[in-house]
Protein chains: 2
Amino acid sequence: MHSEVVASRSAEQRDSTRESRNGTPHLDAVSLAIIEQLQEDGRRPYAAIGKAVGLSEAAVRQRVQKLLDQGVMQIVAVTDPLTVGFRRQAMVGINVEGDVEKIAEALTDMSEVEYVVMTAGSFDILAEIVCEDDDHLLDVINKRIRSLPGVRSTESFVYLKLKKQTYMWGTR
Amino acid sequence: MHSEVVASRSAEQRDSTRESRNGTPHLDAVSLAIIEQLQEDGRRPYAAIGKAVGLSEAAVRQRVQKLLDQGVMQIVAVTDPLTVGFRRQAMVGINVEGDVEKIAEALTDMSEVEYVVMTAGSFDILAEIVCEDDDHLLDVINKRIRSLPGVRSTESFVYLKLKKQTYMWGTR
DNA sequence: CTGAGACCTGCGGATTTCGCAGCAGTCCGC
DNA sequence: GCGGACTGCTGCGAAATCCGCAGGTCTCAG
């Protein structure tokens, strides 16, 4: 009736989450299904999730706790920054000479920087900035980022309109 | 003892959330405080939140429900895409001739596209793509995006390493 | 064979959620 | 000034959920 994900766990995937060589835990189908449930509604009761994935309430609870402890997922409220009073956002492409990782670390430490990723292509790093107003944004980009030793150049893309933002990884 | 956010709501901010002219609801300090609580832990009990912000359990519950209904926030599980099996990600900068909004809409409809924003600067649109492997990524960029009528050019930045990703807007 | 470890189930008791009735303050129009 | 509509908060009791813990099963290693 209700789609059971698995029943006879025939070897191989007991140990629902286990370290693989690169350090990221491997997830089995059931944990994935649990995550999907929580991506639809982070407050869905464990019993309801259990019914959906074919597990007892307690088992779901233990798995969720483990996923949280391991840092595989987190359950949080996400908002539209505009609504919460941050009126200027920008993506900044950065070119670095020398240690890219080091610059990335420095960006990570800035509270206005929401997102940092090292990339291949004509930028070494992309960083998303969330600010209260133009002055604040200008300050962060010009004073704090461009002055980092090793930053060769930056290019800014000020956000005009956010069209889509989902958190539905694994739900398709 | 426990930091009350407000007590005498002296006019002005009854109507905790109200439409301002641009359509985005205005949030008062208490709702902001509630959001902060839920950004730390999306499953925190209403009573605990109430204690923190100085409201009854029922009041917090009503406010949270309203914030969800209005779409101001959503409570969801967020994960590291890599852990869930999406091994290739990229940011794509796009230049458009003609109706930018239209292209943005088209991108929004693609399930692999996680994030779409219209920008000022040398790209008209930035879109984040989440894929399972290289083939999938190539397919989305070359076949689906570049073939959209009006797309003049694209530039891709394949993700090498995600360094930071927070959901703490309003928490600083 | 035996012990350790991972994972699941079942079950009470504590806690939380939920729905609702009641109350207070504001903003109308009359 | 005074109802009436509206919004938001509180306080409750009932229902549902969460939580901890004591087993049980399976697998692997020695």
Side-chain angles (χ1 to χ4, degrees), chain A residues 2-20 24-35 37-38 40-77, chain B residues 2-20 25-35 37-38 40-70 72-77:
Chain A
H2 55 287
S3 60
E4 304 278 334
V5 170
V6 75
S8 62
R9 54 214 157 93
S10 57
E12 198 266 298
Q13 74 177 79
R14 39 149 178 70
D15 230 357
S16 63
T17 152
R18 146 191 60 195
E19 295 283 319
S20 55
T24 49
H26 171 262
L27 297 182
D28 68 8
V30 180
S31 289
L32 227 41
I34 291 175
I35 292 175
Q37 293 287 318
L38 289 170
E40 283 176 27
D41 174 7
R43 276 183 166 256
R44 185 163 297 169
Y46 296 130
I49 299 173
K51 198 154 293 184
V53 307
L55 234 53
S56 70
E57 177 269 339
V60 173
R61 179 154 39 89
Q62 286 157 13
R63 285 211 185 211
V64 168
Q65 193 54 54
K66 189 166 187 178
L67 290 171
L68 295 174
D69 290 344
Q70 286 177 149
V72 172
M73 75 172 179
Q74 48 190 127
I75 300 176
V76 294
Chain B
H2 54 289
S3 59
E4 305 277 334
V5 170
V6 75
S8 62
R9 56 210 154 96
S10 56
E12 198 266 297
Q13 74 174 69
R14 32 135 186 80
D15 229 358
S16 61
T17 154
R18 144 192 62 194
E19 295 283 318
S20 55
H26 171 262
L27 298 182
D28 67 8
V30 180
S31 289
L32 228 41
I34 291 174
I35 292 175
Q37 293 287 318
L38 289 170
E40 282 175 29
D41 174 6
R43 275 182 167 259
R44 185 162 298 168
Y46 296 131
I49 299 174
K51 199 155 293 184
V53 307
L55 233 53
S56 71
E57 175 270 335
V60 172
R61 179 155 38 92
Q62 287 157 11
R63 285 210 186 213
V64 169
Q65 193 53 54
K66 189 166 187 178
L67 290 170
L68 295 174
D69 290 343
Q70 286 177 149
V72 172
M73 74 171 181
Q74 48 191 125
I75 300 177
V76 294

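Below, chains carry the letters A, B, ... as their sequence lines are ordered, and counting in each starts from 1. Computed from a predicted structure; not experimentally measured.
- Among the nucleotides dC9(D), dC21(D), dG11(D), the one closest to any side-chain atom of Leu55(B) is dC9(D).
- Of all heavy-atom pairs between Leu55(A) and Val60(A), the closest is CB-CG2, 4.0 Å.
- Residues passing the side chain to side chain contact (heavy atoms under 4.5 Å, CB included) test with Ala48(A) are Arg44(A), Pro45(A), sequence neighbours excluded.
- A close approach under 4.0 Å does not occur between any side-chain nitrogen or oxygen of Lys66(A) and OP1 or OP2 of dA6(C).
- Taking all atoms of both residues into account, the shortest heavy-atom contact from Ala47(A) to Glu57(A) is N-CG, 3.9 Å.
- Comparing the axis of the opening five pairs of the helix from dC1(C)-dG30(D) to dC30(C)-dG1(D) with that of the closing five pairs yields an angle of 30°, rounded to 10°.
- Protein atom CD of Gln65(A) is 8 Å distant from nucleotide atom P of dC19(D), rounded to whole Å.
- The nearest whole Å value for the distance from the CD1 atom in Ile49(B) to the P atom in dT10(D) is 14 Å.
- Between the CG atom of Asp69(A) and the P atom of dA6(C) there is a distance of 14 Å, given to the nearest Å.
- Taking both residues in full, the closest heavy atoms of Leu68(A) and Gln74(A) are given as CD2-CA, 3.9 Å, listed atom of the first, atom of the second, then distance.
- Straight-line distance from the CG atom of Leu27(A) to the P atom of dA6(C): 17 Å, rounded to whole Å.
- The minimum heavy-atom distance linking Ile75(B) with Gly42(B) is given by the pair CG2-O, 3.6 Å.
- One interatomic measurement links the two molecules: CG of Asp28(B) to P of dT26(C), which rounds to 16 Å at whole-angstrom precision.
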Quick test: give all pairs of protein nitrogen or oxygen and nucleotides 14-17 of chain C nitrogen or oxygen below 3.5 Å, distance rounded to 0.1 Å.
residue: dT17(C); atom: OP1; partner: Arg43(A); partner atom: NH1; Å: 3.1
residue: dT17(C); atom: OP2; partner: Tyr46(B); partner atom: N; Å: 2.9

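- Listed here is the closest heavy atom pair of Leu38(B) and Arg43(A): CD2-NH2, 3.8 Å.
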side-chain contact (heavy atoms from CB on, under 4.5 Å) between Asp28(A) and Arg63(A), intermediate numbers included:
CA-CA 11 Å; Asp28(A) 68 8; Arg63(A) 285 211 185 211; 3.0 Å; yes

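- Put simply, CD on Gln70(B) and CD on Gln65(B) are 11.0 Å apart, with the number rounded to the nearest 0.5 Å.
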